[in-house]
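For this chain, numbers begin at 1 and follow the sequence in order. Heavy atoms only: backbone and side chains are in, while hydrogens, waters and symmetry mates are out.
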Amino acid sequence: MRKQTVKLVTTGIFAAMITVMTAYICHIPYGMNGGYIHFGDTLIYLAAVFLPRPCALAAAAIGGGMADLLTAPVWMPATVIIKMLIVLPFSGKNGKLLCRRNIAAPFLALVISATGYYVAEGLIFGSFAAPLASVAGSVIQSGGSAALFYAMAVLLERSHANVRIRQLLGGET
């Protein structure tokens, strides 16, 4: 029971941090259609390596969805789906945060995110030509989130905090 409670609470904390980081910290409006650049995906990547997959999917969907609900509601449905999808390339099964899979995962997340928002913008606004301009924002957002993820992963591993976090969550993800 305690293990499930810790996972649920940690999922909620990640969702809240994702919301705040996405909606308010380094929130840079971009383009004409209400989109914005942020680095909240960093926390989604961390959730993906620490939490069991269902919990990471929930944290990403809730955190990203709430951020859009607060700042750009038109994007919320697409964001919920896209943020869940960017969790999938990551793995928490390895003891190291920066295993080979997690080093490559942000690049796959970039492709998923850029493609997802391109399609969403085309569907929402009825044109698939105009959203091409938004791809640069997706690359900046995903690239910045990747750089922060790598930096945080190195710090967590060097300080051995990743081991303590995994123990707190029951040693499995």
A side-chain contact here means heavy atoms from C-beta on lying under 4.5 Å apart; do Tyr117 and Ile112 qualify? no
Assigning hydrophobic clusters by single linkage (Ile, Leu, Val, Met, Phe, Trp, Tyr; side-chain heavy-atom cutoff under 4.5 Å), is Ile25 placed with Met17? yes
Would you indicate whether the side-chain heavy atoms of Leu110 and Ser138 approach each other to under 4.5 Å? no
To the closest 0.5 Å, what do you measure between CG (Asn102) and NZ (Lys93)? 11.5 Å
Linking I/L/V/M/F/W/Y whenever any side-chain heavy atoms sit under 4.5 Å apart, do Ile86 and Val135 land together? no
With a 4.5 Å heavy-atom cut-off, do Lys83 and Ile18 have their side chains touching? no
Do you know the tightest heavy-atom contact between Trp75 and Ala120? CZ3-CB, 4.1 Å
Contact summary for Ala15 and Ile62, nearest pair of heavy atoms: CB-CG2, 3.9 Å
Tyr118 and Phe128 aromatic ring geometry - parallel, tilted or perpendicular at 30°/60° bounds: tilted
Check for me, please, whether Leu69 and Ile81 land in the same ILVMFWY cluster - side-chain distances under 4.5 Å, paths through other members count. yes
Here's a test for you: under side chain to side chain contact (heavy atoms under 4.5 Å, CB included), which of Leu51, Ile44, Val49 qualifies with Val87? Ile44
Can you measure from NZ (Lys7) to SG (Cys55) and round to the nearest 0.5 angstrom? 6.5 Å
Taken to the nearest 0.5 Å, the spacing of Arg2 CZ from Thr5 OG1 works out to 8.5 Å
Given the rule that I, L, V, M, F, W and Y join up when any side-chain heavy atoms are under 4.5 Å apart, are Leu132 and Phe125 in one cluster? no
Test ring pair (Phe, Tyr, Trp, His ring centres under 6.0 Å) applied to Phe90 and Phe149, step by step: CA-CA 12 Å; Phe90 291 87; Phe149 167 73; 5.6 Å; yes
Would Thr19 and Tyr24 count as a side-chain hydrogen bond (donor to acceptor under 3.5 Å, both in side chains) here? Give the steps. CA-CA 8 Å; Thr19 300; Tyr24 302 112; over 6 Å; no
What is the distance from atom CD1 of Ile37 to atom CZ of Phe39, rounded to the nearest 0.5 Å? 7.0 Å
What one should report as the nearest heavy-atom pair of Arg101 and Ser91 is CD-CB, 3.6 Å
Phe14 and Leu46, any side-chain heavy atoms less than 4.5 Å apart: yes
Do Phe50 and Thr10 have side chains that get closer than 4.5 Å, going by heavy atoms? no
Would you find a donor on one side and an acceptor on the other, under 3.5 Å apart, between the side chain of Arg166 and the backbone of Gly92? yes
Interatomic distance, CG@Leu155 vs CG@Asn162, rounded to 0.5 Å, equals 11.0 Å
Of all heavy-atom pairs between Ala59 and Thr11, which one has the smallest distance, and what is that distance? CB-O, 3.7 Å
Where Met21 and Leu148 come nearest, the two heavy atoms and their spacing: CE-CD1, 4.4 Å
Please tell me if the side chains of Met66 and Thr22 come closer than 4.5 Å, counting only heavy atoms from C-beta onward. no
Minimum heavy-atom separation for His38 and Gln141, please, with both atom names. O-CG, 3.0 Å
Are Ile103 and Leu108 connected in a single hydrophobic cluster, I mean Ile/Leu/Val/Met/Phe/Trp/Tyr linked by side-chain heavy atoms less than 4.5 Å apart? no
